[in-house]
There are 2 protein chains.
Amino acid sequence: MEEILREKNIKVTDTRKEILRILSESKSAISYNTIQEKTALKLDKVTVYRTLDTFENKGIIHSIPSEDGIKLYSFCKDDCHDHDHDDNHVHFNCEMCNTTVCLYHVDIPSVELPKGYYMHSSKLIVNGICPECR
Amino acid sequence: MEEILREKNIKVTDTRKEILRILSESKSAISYNTIQEKTALKLDKVTVYRTLDTFENKGIIHSIPSEDGIKLYSFCKDDCHDHDHDDNHVHFNCEMCNTTVCLYHVDIPSVELPKGYYMHSSKLIVNGICPECR
DNA sequence: CTGCTAAACGCAACTTGGTTTCATTAAAAA
DNA sequence: TTTTTAATGAAACCAAGTTGCGTTTAGCAG
């Protein structure tokens, strides 16, 4: 865990280790609130948000907007670099348990855009029912 | 414009006609704020949000979450029904002018989900540069 | 080990998108 | 024209996320 922080040249602090731990143990993408629920430490709101920003900028995690507009965070695959995420995978949101998971092995298919449109990145969120809820 | 409201069996009011007019004249998906900017009438915030909810439930418009979590609204194609939208098109967000448009003629390709996952709907948002900003 | 400094933290106050409650008004059916 | 039910408006509220600023601390140089 600490190595990740060292690799990215950011200071190793308790807060960062804790947030990293929670994110790494979570199977689904989680919100700020979930992080607060899962920690025993008292983490300041601002610090948590700033930490998540830092992690995202450093390519440690990526964010997905949930259906209701709140940000969810999830670990990146290995092939992400600073400011240049390669999170070309599909996200699945279960309508029953309301969790969002990364389908790392399902790539977003390429689409043919009309003339004049240039793509940088894309996000595909599939809504439905997950295996656990069936 | 009024016919749309009559067809959906909801009351025809000035507010609804106005919001419908603004939405119909807009080429891109717009937020609550844009509606306020574009109207000469004084529209109450609550009424606007409720009207947008109603329109969405009736299948007159659909919503797309913007990159920064705020809701954008856009007209539906003809083939939407109450609570059962058929908005299977790609949305394009321009990173320069920060507008989101419906690419009605670009369908979301189907993806092969892992075993046990069942799809209801999906959203594909492409980020990049639009023809106007090139 | 000690001091230094930039980076990280913590608190309070704020902003913003959106909702709840409840009393008032008006569309359209009877 | 009356009545009823849906729609509106105002105020207060809520929650996610941010800003400003003073304090602390990681980790480096000496």
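All values below come from the heavy atoms of this structure, side chains included, with hydrogens, waters and symmetry mates left out. Chain letters run A, B, ... following the sequence lines, proteins first and then strands; every chain starts at 1.
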Nucleotide [N], atom [atom2] - distance to [atom1] of [X] in whole Å:
X	N	atom1	atom2	result
A:Y49	C:dC9	OH	C1'	17 Å
A:L5	C:dA8	CG	P	10 Å
A:R6	D:dC28	CZ	C1'	14 Å
A:D53	C:dA8	CG	P	12 Å
B:K8	C:dA28	NZ	C1'	20 Å
A:I64	D:dA16	CD1	P	17 Å
A:K17	C:dA8	NZ	P	15 Å
A:D68	C:dT19	CG	P	10 Å

With sugar-phosphate meaning primed atoms plus P, OP1 and OP2, does A:R50 contact a base, only sugar-phosphate, or nothing at under 4.0 Å between heavy atoms?
base
Answer yes or no: does a side-chain N or O of B:N33 lie under 4.0 Å from OP1 or OP2 of C:dG17?
yes
Report yes if at least one side-chain N or O of A:Y32 is closer than 4.0 Å to OP1 or OP2 of D:dA16; otherwise report no.
no
Given side chain to side chain donor-acceptor pair (under 3.5 Å), test A:S66 with A:D68 step by step and report yes or no.
CA-CA 5 Å; A:S66 82; A:D68 38 1; 2.4 Å; yes
So which nucleotide from [options] ends up closest to the side chain of [X]?
X	options	result
A:V46	C:dG18, D:dG20, C:dT19	D:dG20
B:K11	D:dT8, C:dC9, C:dA26	C:dA26
B:T13	D:dT19, C:dT19, C:dA27	C:dA27
A:T47	D:dG17, C:dA28, C:dG10	C:dG10
B:R16	D:dT8, C:dT20, C:dC9	D:dT8

When the ring planes of A:H62 and A:Y104 are compared, do they come out parallel, tilted or perpendicular, using 30° and 60° as the limits?
perpendicular
Between B:T15 and B:K45, whichever has its closest DNA chain D nucleotide further toward 5' is B:T15
Note: for A:D44 and B:I10 on DNA chain C, the residue whose nearest nucleotide lies more 5' is A:D44
Partner of A:K123 under side chain to side chain contact (heavy atoms under 4.5 Å, CB included), picked from B:H91, B:E67, B:K123, is B:E67
Do B:R21 and B:E18 sit within salt-bridge range, that is, some charged N less than 4.0 Å from a carboxylate O?
yes
Around atom CD of B:E25, are there more than 12 heavy atoms of other residues, nucleotides or ligands at under 6.0 Å?
yes
